[in-house]
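Chain letters run A, B, ... following the sequence lines, proteins first, then strands; residues in each count from 1.
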There are 2 protein chains.
Amino acid sequence: MKAVALQVIPAIKLHSLKDACAQCNARELCLPQGLSDAELQQLDDMVGVRQKLKRGEHLYRNGDPFSAIYAIKTGFFKTDVVTEDGRDHVTGFQMHGEILGMDGISGDAHACNAVALEDSEVCVIPFAELEHLSATIPTLQRHFHRVMSREIVRDHGIMMLLGTLRAEERLVAFLLNLSQRYAARGYSPTEFHLRATRDEIGSYLGLKLETVSRALSQLQDSELIQVQQKYIRITSLDGLKKMLAHTQTC
Amino acid sequence: MKAVALQVIPAIKLHSLKDACAQCNARELCLPQGLSDAELQQLDDMVGVRQKLKRGEHLYRNGDPFSAIYAIKTGFFKTDVVTEDGRDHVTGFQMHGEILGMDGISGDAHACNAVALEDSEVCVIPFAELEHLSATIPTLQRHFHRVMSREIVRDHGIMMLLGTLRAEERLVAFLLNLSQRYAARGYSPTEFHLRATRDEIGSYLGLKLETVSRALSQLQDSELIQVQQKYIRITSLDGLKKMLAHTQTC
DNA sequence: AAGTTCGGTTGACCTGAATCAATGCGATTT
DNA sequence: AAATCGCATTGATTCAGGTCAACCGAACTT
């Protein structure tokens, strides 16, 4: 479907959202990590707007002018890049507490698409204001740099995955990564719903959807996981970890 | 071989290197892009130390404590990540004017290895000072953020390459990328020496060294390039570009 | 100058994932 | 309840790239 009109929460800000940052359950993972109350207040003042997205809606599109980065308050996103000739590739899945949009800084325009894979809400962080504020709050500056750097390190990990792992190993790495991120958010590390389709997961992992499906079935046959459509239950976290540990170790 | 003692140029700084930044031929591509003379002077004062590396030496290793990023003044580097189980993957090749070390910001320790592929020289940029200075020079702050963002966007491009291109296309993308970067530095876009071995290129592109060799030979047979060991001459830039443009376009 | 080493090329063969195709399942629509 | 649609599963076959192996050539070593 076409993108639906943005659902923005505008001017109520003054009281009800004033300390939204302070209350947000994504806080510990998000930008404001480590800020003092006063600094948090400044940041909260800056984050003027929340934006809600329905499943399937774009947060931004490749080429959109860049003006803000986004902290995911609730929900789940994918980012993908598309070339002129129609090649398309999922570059990441993002969950709450994570930051979207840093691709746009370098060229003043977004360099990928960000799509909500479930109904979601983000905090809009005007980038000019973030830069301005971070010049006066060293902790914020530091933390923002860490967030960008973490993205770089994460991408290197994916490059390694794409360059060196076999299909089943890629799936295992993917599942373990999700598991660990859910755990960090207080959810079950062994039981969750995939928000992405097999096709999207395949694109992310450099595999075809059939291969993703087969690999999941194999893992189920090995009694390491249980799969039912998008529902995943990891029955042996250790078993999965071992699969990644030894390729030639025997 | 083991890492050799670092060859650091220390205190001569005061006069001979005082305006090294201002004179550096990498300036236009490097961090100081767009700074005023006065700001450049501040930056130059901060960049206290140059460091020379011989071919094969490590600039930093995975796990090394992070304290600085590095601007390549001359030379050529690779970065690679290694997992516990010995998997190793080249994440990038860097040439002069480019910045190394941003992987280290997030964890206060470097997350990859950086190795000189030829005798090289880098400017050491103490990160704490960079953050401090960039808080007072908005242009510098902005530019640093752009550099980090560009790295993220670049990595997404590589992920796309690894996820969607076939062997020969990956080689083409690699050669075109080198060509374009050499062109941006005033070198010939059609004639250059590869600094990396087939094995390193293969690791970077997610291919085995034999496949790299074969793909280069095929491109030569198609009369798009001439190869002689590490020497590359592109005889049809357009031909190469067309190879990337249409996969299914016919 | 002969020998060694390292990197590159090329060939023959094998295999893991892609492709093609059929079927199944759940959710939504009518 | 039947029909439709999107997604997932599974099987059969193909093929690109990996693997194994032999050989070559350039650059150092002694």
Using a 4.0 Å cut-off to any heavy atom of chain A, which nucleotides of DNA chain D are the first and last in contact, reading 5' to 3'? D/dC7 to D/dA12

Does one side chain, of A/D199 or A/T197, offer a donor that lies under 3.5 Å from an acceptor on the other? no

Less than 4.0 Å between a side-chain N and a carboxylate O, is that true for B/E98 and B/R150? no

Whether B/Y70 and B/Y60 hold their rings parallel, tilted or perpendicular, with breakpoints at 30° and 60°: parallel

Residues that B/R198 engages under salt bridge (charged side-chain N to carboxylate O under 4.0 Å, His left out), provided they are two or more places apart: none

Test item: A/F174 and A/L165 side chains (from C-beta on) under 4.5 Å apart, heavy atoms: no

Donor-acceptor contact below 3.5 Å, side chain A/Q226 vs main chain A/R233: no

So what does A/G206 hit on the nucleic acid, given a heavy-atom distance under 4.0 Å: a base, only sugar-phosphate, or nothing? sugar-phosphate

Determine, for nucleotides 6-16 of chain C in 5'-to-3' order, which nucleotides have protein heavy atoms under 4.0 Å from the base (write B), from only the sugar-phosphate (write S), or from neither (write -). -SSBBBB----

Verify the ring-centre separation between A/F93 and A/Y204: is it less than 6.0 angstrom? yes

If we ignore hydrogens and angles and just use 3.5 Å, is the side chain of A/S179 paired with the main-chain N or O of A/T190 as donor and acceptor? no

